[in-house]
Amino acid sequence: MDVVKEVLAKHQKELEKYKPITVEKHLECRLDVGTLLITDPNDFDDRELRDNKEEYLAALTRDNTQLLVNAIWELPTERVDESIVAKLPEPTTVLPRLRKVPGPRPLTKWEKFAKEKGITKKKKEKKTYDETMDKWVPTYGFKRAEAEKAKDWVLEVPQNVDPNTDMFQKKIDLRNEKVAKNEIQRMKNIVRAKKVDMPRSGYLGPEAASSSQLLTAVTVAKSSTASVGKFQNKLPKEKEARGLGIKELIPGGKRKQSHITQTPEKEANLDLIKSVLNKKPKLDVDKAISMQKHDDRLAREAEAENQPSRKKGKGKGSRKAVGKKPKGNRGQRAPGKKAQAGRKRR
């Protein structure tokens with residue numbers, strides 16, 4: 001009997017660790033099972049909160065969670081992939097949004113034009129009957145290019161075009177040009193939707209572009225003429241863009257400059273005739289004098305080399321170089337030589 005009592009007592013202690021699923025509240029809690037939210041309107045116990053803060057908050061959280069779990073178990077259930085799942089009802093609590101409600105998408109340039117003109121989009125059929133090929137071909141999408149290639153196996157060369165022109169390549173280039181144009185238009189629609197000013201030069205306004213970039217855009221725009229900007233007027237204090245890559249940006253900058261100038265044709269022809277008929281050469285006096293001096297110096301050096309060299313003999317008045325002249329009768333004139341007797345020189 002003692003063993004049975006011990007087992008029962010041990011089991012009772014283990015049961016005391018787990019609290020019952022029933023929770024008593026002075027005021028009933030508000031439950032929103034759709035968002036798994038519970039709101040407890042009861043007041044805090046100030047004495048318990050001050051003495052045992054952590055234990056009191058943990059017990060309060062446990063009781064409220066138990067109430068929410070009890071409400072979930074009362075919901076209808078269903079089996080999904082060998083698991084029992086409860087069906088949550090529609091939420092009743094309105095939660096605030098983190099960001100504002102997104103507005104309607106801005107219309108593109110074509111959509112705005114179609115709306116003004118009353119143009120409605122018509123749904124195209126996936127396949128259309130081609131009388132030339134005598135079969136049904138796809139209108140767009142998959143295998144459309146193959147059908148076009150089989151249909152246009154020969155192309156006519158117009159009379160105003162060179163007979164050697166490759167019309168197939170010309171058609172491909174035209175299609176690629178249309179694709180590029182559509183891509184540029186798509187990018188413009190994105191910029192217009194973001195309400196960003198985009199000038200035709202490609203820079204996103206003065207806030208995003210520096211002064212050098214704007215100056216480059218002006219230079220490129222003025223050079224986009226048949227004469228590479230030769231006849232474009234300039235402002236009084238206008239500057240030209242400089243730096244690496246400026247010439248590559250100017251269209252047609254690599255080709256030779258046009259022979260057409262701002263000088264009238266009559267004056268240009270007269271200047272050309274005068275330059276041809278005028279036989280008087282232009283002389284550089286300073287350069288001519290320097291060349292003459294150089295020739296004279298070379299002649300003198302050559303003459304000096306051709307003359308025979310003469311040996312200098314020992315004459316009567318010749319004497320060897322001696323040391324410095326003694327001062328104040330100090331020392332000898334020639335060190336190491338005995339002094340000769342005679343009258344002292346003054």
To the nearest 0.5 Å, tell me how far [X] [atom1] sits from [Y] [atom2].
X    : Y    : atom1 : atom2 : value
T39  : D32  : OG1   : CG    : 8.0 Å
D166 : N164 : CG    : CG    : 10.5 Å
K53  : F44  : NZ    : CZ    : 10.5 Å
L57  : L49  : CG    : CG    : 6.0 Å
T65  : L36  : OG1   : CG    : 11.0 Å
W136 : T128 : CH2   : OG1   : 7.5 Å

Taking only residues at least two apart or on different chains, which pairs with a member in residues 288-299 satisfy side chain to side chain donor-acceptor pair (under 3.5 Å)?
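Residue pairs passing side chain to side chain donor-acceptor pair (under 3.5 Å), neighbours aside: Q292-D296, H294-R297.
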
Test item: [X] and [Y] side chains (from C-beta on) under 4.5 Å apart, heavy atoms:
X    : Y    : result
V191 : M187 : no
E6   : K10  : no
D40  : L67  : no

For residues 107-122, please give each side-chain donor-acceptor pair under 3.5 Å, one per line with the distance, not counting sequence neighbours.
| unit_1 | atom_1 | unit_2 | atom_2 | d |
| --- | --- | --- | --- | --- |
| T108 | OG1 | E111 | N | 3.3 |
| E111 | OE1 | T108 | N | 3.2 |
| E111 | OE2 | R105 | NH2 | 3.3 |

Quick check on [X]: does its [atom1] atom have over 12 non-hydrogen neighbours (other residues, nucleotides or ligands) under 6.0 Å away?
X    : atom1 : answer
Q169 : CD    : yes
E90  : CD    : no
R97  : CZ    : yes
E78  : CD    : yes
D81  : CG    : no
Y129 : OH    : yes
M167 : CE    : yes
K171 : NZ    : yes

Return the minimal non-hydrogen interatomic distance between [X] and [Y], and the atom names on each side.
X    : Y    : result
F168 : W153 : CZ-O, 3.5 Å
P41  : C29  : CD-CA, 4.0 Å
V85  : V80  : CG2-CB, 4.1 Å
P138 : K127 : CA-CG, 4.1 Å
A86  : T77  : CA-CG2, 4.1 Å
N233 : E238 : O-OE1, 4.5 Å

Would a hydrophobic clustering, with Ile, Leu, Val, Met, Phe, Trp and Tyr connected at side-chain separations under 4.5 Å, put L75 with L68?
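L75 and L68: one cluster.
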
Please say yes or no: joined through hydrophobic side-chain contacts below 4.5 Å, possibly via intermediate residues, are L155 and V157 part of one cluster?
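As far as the 4.5 Å side-chain criterion goes, V157 and L155 are connected within one cluster.
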
side-chain hydrogen bond (donor to acceptor under 3.5 Å, both in side chains) between E74 and N70: does it pass, once the steps are laid out?
CA-CA 7 Å; E74 295 176 359; N70 294 342; over 6 Å; no

May I ask you to decide if P91's main-chain N or O and T35's side chain share a donor-acceptor pair within less than 3.5 Å?
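Side chain of T35 to backbone of P91, a donor-acceptor pair under 3.5 Å: no, none is there.
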
Are the side chain of N52 and the backbone of E48 linked by a donor-acceptor contact shorter than 3.5 Å?
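Looks like no, no N/O pair under 3.5 Å.
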
Does a side-chain N-to-carboxylate-O contact under 4.0 Å join E303 and R300?
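Salt bridge between E303 and R300, a charged N being under 4.0 Å from a carboxylate O: no.
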
Got a salt bridge between K25 and D63, using NZ or NE/NH1/NH2 to carboxylate O under 4.0 Å?
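Salt bridge flag = no for D63 with K25.
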
For R62 and V23, what are the C-alpha separation, side-chain angles and deciding distance, and is it a side chain to side chain contact (heavy atoms under 4.5 Å, CB included)?
CA-CA 10 Å; R62 181 263 165 197; V23 180; 4.2 Å; yes

Side chain to side chain contact (heavy atoms under 4.5 Å, CB included) assessment of E267 paired with L270
CA-CA 5 Å; E267 295 182 7; L270 289 175; 5.6 Å; no

Using side chain to side chain contact (heavy atoms under 4.5 Å, CB included) as the criterion, point out the one residue from R144, E148, K143 that pairs with V137.
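So the option named by the test is R144.
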
